[in-house]
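Okay, structure first, notes after.
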Amino acid sequence: MRLDAEAARERFMTEPVARLATVSSDLRPHIVPIVFAVAEDTIYSAVDAKPKTTTALRRLANIAANPTVAVLADHYSDDWTHLWWTRADGTARITDGPEAEHALDLLTERYPVYRTQPPPGPVLAIDVTHWSGWSAS
């Protein structure tokens, strides 16, 4: 069953992890898992302190080249009547100042590990233009 925008947004917010899909300047897709917080129709994520192979993250370069992104959250169960997915399509940007501080507050509230290991940034804001989703029941 297709989910309307509000139902898709509400389910999206229940999942702890989503996948961010970006596209490079040479049109190569790139997808990574992210943790996130949602405020109205903006999804926030931050580059955190987990070990990375480089500080020049492909997702950031891709967003600089093409800010159009998709973020997917889904729920799997062996009982397939409980399956669902939601997708947020939007425009990504790096944010700073009061908006970034607000985003970090939201992320810290949602992910307690950020209280002792705050993300060094940058902070990513995705302005959602379209919510969609599907549910088996």
Side-chain angles (χ1 to χ4, degrees):
M1 141 177 93
R2 183 171 293 182
L3 299 175
D4 66 26
E6 186 59 29
R9 182 181 171 280
E10 289 299 319
R11 287 199 191 202
F12 186 96
M13 292 174 23
T14 67
E15 287 300 306
V17 177
R19 289 108 190 121
L20 170 65
T22 61
V23 178
S24 68
S25 60
D26 62 352
L27 303 180
R28 292 181 183 266
H30 181 69
I31 189 164
V32 293
I34 61 167
V35 296
F36 64 91
V38 178
E40 297 180 16
D41 284 326
T42 302
I43 299 169
Y44 293 106
S45 187
V47 175
D48 57 35
K50 288 190 303 293
K52 314 270 191 285
T53 56
T54 178
T55 56
L57 297 180
R58 184 174 299 162
R59 72 188 94 159
L60 300 177
N62 288 354
I63 288 166
N66 180 356
T68 302
V69 301
V71 186
L72 179 76
D74 65 295
H75 177 78
Y76 178 80
S77 171
D78 287 335
D79 178 349
W80 284 15
T81 64
H82 295 242
L83 300 177
W84 60 262
W85 61 263
T86 63
R87 191 177 82 211
D89 298 323
T91 305
R93 58 190 166 79
I94 303 301
T95 187
D96 57 10
E99 184 181 27
E101 291 173 21
H102 176 64
L104 291 172
D105 288 344
L106 293 172
L107 288 162
T108 301
E109 183 178 316
R110 187 156 194 220
Y111 302 98
V113 69
Y114 283 170
R115 292 181 191 135
T116 56
Q117 299 173 27
V123 175
L124 180 63
I126 300 164
D127 300 312
V128 178
T129 56
H130 183 74
W131 294 96
S132 59
W134 173 88
S135 175
S137 59

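All residue numbers in this chain count up from 1 along the given sequence. These numbers were taken from a predicted model, which means no experiment stands behind them.
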Taking the side chain from [X] and the backbone from [Y], do they hold a donor-acceptor pair closer than 3.5 Å?
X: Ser45; Y: Val35; value: yes
X: Thr108; Y: Asp105; value: no
X: Arg19; Y: Asp74; value: no
X: Tyr111; Y: Pro16; value: yes

Side chains of [X] and [Y] in contact at under 4.5 Å (non-hydrogen atoms):
X: Leu3; Y: Thr86; answer: yes
X: Val69; Y: Leu20; answer: yes
X: Val47; Y: Leu57; answer: yes
X: Arg28; Y: Val23; answer: no
X: Ser132; Y: Trp85; answer: yes
X: Leu124; Y: Ile94; answer: yes

Starting at [atom1] of [X], measure out to [atom2] of [Y] and round the result to the nearest 0.5 Å.
X: Arg2; Y: Trp134; atom1: CZ; atom2: CH2; answer: 12.5 Å
X: Ile43; Y: Met13; atom1: CD1; atom2: CE; answer: 10.5 Å
X: Leu104; Y: Thr95; atom1: CG; atom2: OG1; answer: 9.5 Å
X: Thr42; Y: Arg93; atom1: OG1; atom2: CZ; answer: 6.0 Å
X: Ile34; Y: Ile31; atom1: CD1; atom2: CD1; answer: 10.0 Å

Check: Going through the distances and angles, do Asp96 and Val123 end up as a side chain to side chain contact (heavy atoms under 4.5 Å, CB included)?
Finding: CA-CA 7 Å; Asp96 57 10; Val123 175; over 6 Å; no
Note to self: A quick test of your reading: do over 12 heavy atoms of other residues, nucleotides or ligands sit less than 6.0 Å from CD of Glu6?
What the structure shows: yes
Notebook entry, point to check: So with a 6.0 Å cut-off around CZ of Arg115, is the heavy-atom count from everything else above 12?
Noted result: yes
Least distance between heavy atoms, [X] atom then [Y] atom:
X: Arg11; Y: Ser135; value: NH1-OG, 3.1 Å
X: His30; Y: Val32; value: NE2-CG1, 3.3 Å
X: Ala125; Y: Tyr44; value: CB-CE2, 3.7 Å
X: Ala70; Y: Arg87; value: CB-CD, 4.1 Å
X: Ala39; Y: His102; value: CB-NE2, 4.3 Å
X: Pro119; Y: Ala46; value: CB-CB, 3.7 Å

Note to self: Which label fits Phe36 and Phe12: parallel for a plane angle under 30°, tilted from 30 to 60°, or perpendicular past 60°?
What the structure shows: tilted
Next item on the list: Start with the C-alpha gap between Trp84 and Glu15, add the side-chain angles, then the distance that decides, and say whether side chain to side chain contact (heavy atoms under 4.5 Å, CB included) holds.
Entry: CA-CA 11 Å; Trp84 60 262; Glu15 287 300 306; 3.4 Å; yes
Check: If Ile, Leu, Val, Met, Phe, Trp and Tyr residues are connected whenever their side-chain heavy atoms lie under 4.5 Å apart, and connections chain through other members, are Val128 and Leu107 in the same group?
Finding: yes
Check: Would you say the side chains of His82 and Asp79 form a donor-acceptor pair under 3.5 Å?
Finding: yes
Margin query: Under the side chain to side chain donor-acceptor pair (under 3.5 Å) test against Thr22, which residue among Asn62, Thr68, Asn66 passes?
Written below: Asn62
Checklist line | Stepwise side chain to side chain donor-acceptor pair (under 3.5 Å) test for Trp131 and Asp89 | finding: CA-CA 7 Å; Trp131 294 96; Asp89 298 323; over 6 Å; no
Margin query: Would Arg9 and Val38 count as a side chain to side chain contact (heavy atoms under 4.5 Å, CB included) here? Give the steps.
Written below: CA-CA 9 Å; Arg9 182 181 171 280; Val38 178; 4.2 Å; yes
